[in-house]
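Structure first, commentary second.
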Amino acid sequence: MAYQLPTLPYEYTALEPCISKSTLEFHHDKHHAAYVNNFNNAVQGTELDSKSIEEVIKITATNPSQAGIFNNAAQAWNHSFYWQCMKPNGGGTPSGALADKINADFGGFDKFVEAFKTAGATQFGSGWAWLVLDGDTLKVTKTGNADNPFTAGQTPLLTMDVWEHAYYLDYQNKRPDYIGDFLGKLVNWDFVAENFAQATV
Ligand code: FE2
């Protein structure tokens with residue numbers, strides 16, 4: 001069954017002035033849509049067509065001859081996840097069990113912020129910064145291009161797209177400014193907390 005391009009969980013103008021309507025139109029309607037279409041076209045009529053997109057990502061990750069499918073599957077999934085990681089008037093700090101776990105594993109929220117900013121800023125070229133659950137420990141990681149923490153056996157809780165198409169219209173070369181706004185004004189901690197709760201059931 002074809003993977004559906006999700007609609008954005010907010011209006012195209014909802015993240016302004018941090019992320020403009022124009023960025024979301026290009027990023028969602030062009031880039032994300034293309035990954036979804038390419039993924040669906042690539043698996044149509046193959047044995048992968050009956051698998052979930054998460055399964056396809058795991059199956060194709062280790063097979064170089066399926067790199068094209070992997071890249072489009074992972075990018076389709078990563079973007080669907082990324083949209084939910086943001087909300088209007090987001091940012092701030094998490095609460096409850098997630099906040100406790102961040103304090104325990106990073107030594108405080110500020111330490112997490114520092115690690116996440118560094119991961120995003122130091123990802124050379126295109127990729128993603130992540131907060132993941134690895135076993136029973138929270139970790140900050142970064143991945144290049146389409147890669148996704150599933151391939152390392154980790155559970156994604158939060159992601160930030162650091163491909164230039166995510167921020168260049170609004171921030172040009174100032175990736176650290178985009179990262180600062182993402183953490184300070186956009187992160188949907190309720191979504192991250194839901195992911196954490198589901199991963200620790
Ligand atoms: Fe992107």
Side-chain angles (χ1 to χ4, degrees), residues 2-43 53-54 56-57 60-61 67-88 90-91 116-132 140-152 154-188 191-192 195:
Y3 184 73
Q4 299 293 316
L5 177 70
T7 55
L8 288 176
Y10 29 73
E11 299 293 324
Y12 284 85
T13 55
L15 304 183
E16 291 184 335
C18 302
I19 294 181
S20 63
K21 178 184 179 192
S22 186
T23 290
L24 286 183
E25 286 176 339
F26 277 105
H27 201 176
H28 176 274
D29 300 358
K30 305 296 184 189
H31 291 279
H32 192 188
Y35 296 129
V36 170
N37 287 337
N38 290 340
F39 166 66
N40 285 328
N41 289 336
V43 299
I53 193 166
E54 291 87 353
V56 173
I57 291 168
T60 57
I69 299 175
F70 171 80
N71 285 334
N72 284 294
Q75 283 293 81
W77 190 95
N78 291 352
H79 283 89
S80 297
F81 191 71
Y82 169 67
W83 305 132
Q84 298 177 81
C85 288
M86 300 184 287
K87 69 173 186 178
F116 196 84
K117 281 184 173 178
T118 299
T122 61
Q123 171 53 40
F124 187 74
S126 299
W128 301 81
W130 304 85
L131 173 66
V132 302
V140 165
T141 66
K142 58 185 177 179
T143 59
N145 297 319
D147 203 5
N148 173 294
F150 292 157
T151 62
Q154 300 166 330
T155 304
L157 304 180
L158 167 69
T159 197
M160 175 176 65
D161 191 342
V162 294
W163 285 59
E164 283 189 346
H165 66 220
Y167 63 86
Y168 209 84
L169 292 178
D170 302 318
Y171 299 86
Q172 288 78 51
N173 60 315
K174 300 181 186 119
R175 188 193 287 186
D177 291 357
Y178 158 69
I179 294 171
D181 281 351
F182 180 90
L183 283 165
K185 301 174 183 175
L186 296 174
V187 172
N188 182 351
F191 176 67
V192 183
N195 295 330

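All ligand and atom numbering here is 1-based and tracks the order in the structure.
- Look at His32 and the Fe ion (ligand 1): no N/O/S atom of the residue is under 2.8 Å from the metal.
- For His27, the N, O or S atom with the smallest separation from the Fe ion (ligand 1) is NE2.
- Draw a line from the Fe ion (ligand 1) to NE2 of His79 and another to OD2 of Asp161, and the angle between them is 100° (to 10°).
- Among the atoms of His31, no N, O or S atom falls under 2.8 Å of the Fe ion (ligand 1).
- A perpendicular orientation is assigned to the rings of His31 and His27, their planes being inclined by more than 60° (bins at 30° and 60°).
- The aromatic rings of His32 and Trp83 sit tilted, their planes meeting at an angle between 30° and 60°.
- Ring pair His165/His79 is tilted by interplanar angle, where 30° to 60° counts as tilted.
- One distance of note links CD1 of Ile19 with OG1 of Thr13; it measures 12.5 Å at 0.5 Å rounding.
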